[in-house]
Amino acid sequence: MKVVSIVGARPQLVKLAPMSAAFTTAGHDHVIVHTGQHYDADLSDVFFSGLDIPDPDINLGIGSGSHGAQTGACLSALDPVLQAQRPDWVLVYGDTNSTLAGTLSAVKMHLPVAHLEAGLRSFNRRMPEEHNRVLTDHAADLLLAPTEEAVRHLAAEGLQERTALVGDVMVDVCLRMRDAIRERRVAVPPLPGGIDAEEPYVLATLHRAENTDDPRRLEALAQALADLPLPVLLLAHPRLLSRADEHGLKLERGAVHVGRPLPYAGMVAAVLGSTAVVTDSGGLQKEAYLLGRPCTTLRTETEWPETLTGGWNVLIDNPSILGATRWARTVSRPAPTTHRGQPYGDGTAARRAVEVLEQRV
Ligand code: UD1
């Protein structure tokens with residue numbers, strides 16, 4: 001079986017790692033196409049080296065741009081690549097502009113497309129990721145769903161026949177990395193931003209367009225982090241840095257220590273070392289849940305509602321409405337004692353995804 005994986009942004013590289021390993025184990029021909037949506041070494045190269053992913057076979061070098069320009073540039077660059085490769089499956093990941101472009105290019109060439117992490121919904125039509133998910137699911141031939149909730153969403157949209165529940169490949173990679181860190185089989189970089197790993201700290205990230213692009217909202221969120229009673233390590237995505245710069249906002253203030261994004265081993269170690277996580281990232285909400293750290297999510301909804309069970313994750317859209325004391329108490333609440341179960345599977349999702357691809361080729 002020949003599979004072309006199309007990736008472009010950081011969270012897709014994390015999901016690519018267990019898939020790439022599973023394709024290799026099963027002896028399949030796996031071609032990696034990187035669109036170049038993320039091009040900074042911190043967001044791309046360190047994930048290939050740190051997660052033992054082979055270098056991309058093809059890099060389209062698309063870079064940044066408006067949604068239309070970025071998606072369109074990916075689409076036209078992918079056509080000749082897929083035409084030349086003619087794989088049995090084109091595999092797209094998650095919900096970025098690269099996911100949508102890969103799907104459109106493949107489907108118009110009558111190449112079978114599988115969507116990994118299908119069926120997630122925020123039901124917030126202002127999110128670019130929501131457009132990408134819905135359009136990808138409706139165009140793809142095979143929907144590899146991570147959770148039962150995702151399966152229900154797909155069924156509600158009439159897509160049950162194309163759906164297979166495989167579990168979440170992020171469990172595969174996250175728990176494997178956790179064990180490697182605990183057993184000191186992997187090197188972990190020191191925490192950036194002058195944070196003392198031995199002292200309590202809050203780990204924070206912020207990058208979604210809904211939180212970064214409106215100057216007043218970004219100011220309010222930056223101040224909320226600054227007001228927390230514990231040191232906050234804010235790992236700054238390039239989008240956050242460039243929007244803060246454009247809006248004339250200083251992120252480093254009060255409790256906040258700004259650091260560069262971490263490679264995956266560093267990120268998992270930083271979650272394990274933290275007392276709490278504050279984020280708008282889908283991946284980090286789930287990593288906090290899997291690693292047993294309470295998470296506060298700066299959004300009105302989540303695509304991972306399982307994390308909300310038992311209070312492991314809490315959604316806060318507007319910290320200033322809570323007032324400083326309740327906000328601080330919410331973020332630094334102790335980890336719940338409730339059992340988390342395995343709503344995301346048992347860490348064998350990549351192998352199951354490969355088996356489903358084999359069966360339906
Ligand atoms: C993208 C995905 C989002 C995912 C996120 C993970 C879309 C619509 N969004 O958001 O779902 O959660 O990746 O990181 O596809 N930039 C750099 N260097 C880079 C990449 C980006 O400086 O390597 C800057 C550029 O200023 C760019 C901005 O970040 O304009 C936004 O990048 P873009 O790829 O459009 O979206 P993300 O915000 O990273």
Side-chain angles (χ1 to χ4, degrees), residues 6-17 34-48 51 56 59-75 77-78 92-104 115-118 120-122 124-137 146 170 173 204-214 217-218 221 234-247 249 251 258-264 266-267 279-287 297-299 301-304:
I6 299 175
V7 292
R10 176 171 59 176
Q12 295 169 322
L13 308 181
V14 176
K15 291 160 204 157
L16 174 64
H34 193 317
T35 64
Q37 176 172 347
H38 282 178
Y39 43 88
D40 281 356
D42 286 350
L43 296 196
S44 181
D45 303 6
V46 297
F47 286 82
F48 281 90
L51 291 170
N59 194 320
L60 305 177
I62 295 304
S64 302
S66 67
H67 290 296
Q70 194 175 51
T71 310
C74 271
L75 185 54
L78 277 167
V92 295
Y93 299 67
D95 56 18
T96 72
N97 291 336
S98 299
T99 314
L100 179 60
T103 306
L104 282 179
H115 181 205
L116 188 81
E117 210 177 71
L120 297 191
R121 296 291 181 268
S122 67
N124 177 354
R125 285 178 54 85
R126 290 195 58 80
M127 285 179 74
E129 293 85 355
E130 186 74 355
H131 316 150
N132 292 339
R133 291 179 194 122
V134 172
L135 294 168
T136 296
D137 283 340
M170 281 193 61
V173 65
T205 73
L206 202 59
H207 81 277
R208 293 219 176 261
E210 315 88 89
N211 285 338
T212 57
D213 293 4
D214 172 1
R217 176 147 181 89
L218 182 56
L221 295 177
L234 175 61
L235 297 174
H237 185 284
R239 169 188 279 278
L240 174 63
L241 291 178
S242 71
R243 293 302 182 272
D245 198 38
E246 275 167 45
H247 306 330
L249 293 180
L251 295 168
V258 176
R260 284 171 57 166
L262 286 167
Y264 194 67
M267 191 65 179
T279 190
D280 60 2
S281 150
L284 188 51
Q285 285 171 55
K286 217 166 3 136
E287 280 148 3
T297 297
L298 297 168
R299 289 181 50 196
E301 69 282 306
T302 176
E303 297 79 7
W304 304 104

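All ligand and atom numbering here is 1-based and tracks the order in the structure.
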Please step through side-chain contact (heavy atoms from CB on, under 4.5 Å) for the pair Val7 and Thr35, ending with a clear verdict.
-> CA-CA 6 Å; Val7 292; Thr35 64; over 6 Å; no
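- Each of the following atoms of ligand 1 lies closer than 4.0 Å to a heavy atom of His67: 8 (C).
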Walk me through it: do Ser281 and Glu287 pass the test side-chain hydrogen bond (donor to acceptor under 3.5 Å, both in side chains)?
-> CA-CA 10 Å; Ser281 150; Glu287 280 148 3; 6.0 Å; no
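- Scanning the protein heavy atoms around atom 12 (O) of ligand 1, the nearest turns out to be His207 NE2, 3.0 Å.
- Summary of contacts: the protein heavy atom closest to atom 22 (O) of ligand 1 is Pro238 CB, 3.1 Å.
- The two residues Ala77 and Ile62 make their nearest non-hydrogen contact at CB-CD1, 4.1 Å.
- For atom 25 (C) of ligand 1, the nearest non-hydrogen atom of the protein is Ser64 OG, 3.3 Å.
- Taking every heavy atom of Asp95 and a limit of under 4.0 angstrom, the matching atoms of ligand 1 come to 11 (O).
- Looking only at heavy atoms of the protein, atom 9 (N) of ligand 1 is closest to Glu129 OE2, 3.7 Å.
- In terms of polar-atom proximity, defined here as any N/O pair under 3.5 Å, Gln37 does make such a contact with ligand 1.
- Among all protein heavy atoms, the one lying closest to atom 18 (N) of ligand 1 is Asp40 OD2, 3.1 Å.
- At least one N or O atom of Arg239, backbone or side chain, sits closer than 3.5 Å to an N or O atom of ligand 1.
- Interface atoms of ligand 1 facing Pro11, defined by a heavy-atom separation under 4.0 Å, are 6 (C).
- Atom 39 (O) of ligand 1 has His38 NE2, 2.7 Å as its closest protein atom, hydrogens excluded (heavy atom only).
- Note: no N/O pair closer than 3.5 Å links Thr96 and ligand 1 by distance alone.
- Taking a cut-off of under 4.0 Å to the non-hydrogen atoms of His237, the atoms of ligand 1 that pass are 14 (O), 37 (P), 38 (O), 39 (O).
- When the options His207, Arg208, Arg243 are evaluated for a side chain to side chain contact (heavy atoms under 4.5 Å, CB included) with His237, the one that passes is His207.
- The atoms of ligand 1 that sit less than 4.0 Å from any heavy atom of Leu43 are 19 (C), 20 (C), 23 (O).
- Of the options Gln70, Arg133, Gln37, His38, a side chain to side chain contact (heavy atoms under 4.5 Å, CB included) to Thr96 is made by Gln37 and by none of the others.
- In terms of protein heavy-atom proximity, atom 26 (O) of ligand 1 is nearest to Ser242 OG, 3.9 Å.
- Between Asn97 and ligand 1, an N or O atom pair is found at a separation short of 3.5 Å.
- Scanning the protein for heavy atoms near atom 16 (N) of ligand 1, the closest one is Tyr39 OH, 3.6 Å.
- Side-chain atoms of Glu303 do not come within 3.5 Å of backbone N or O of Arg121 as any donor-acceptor pair.
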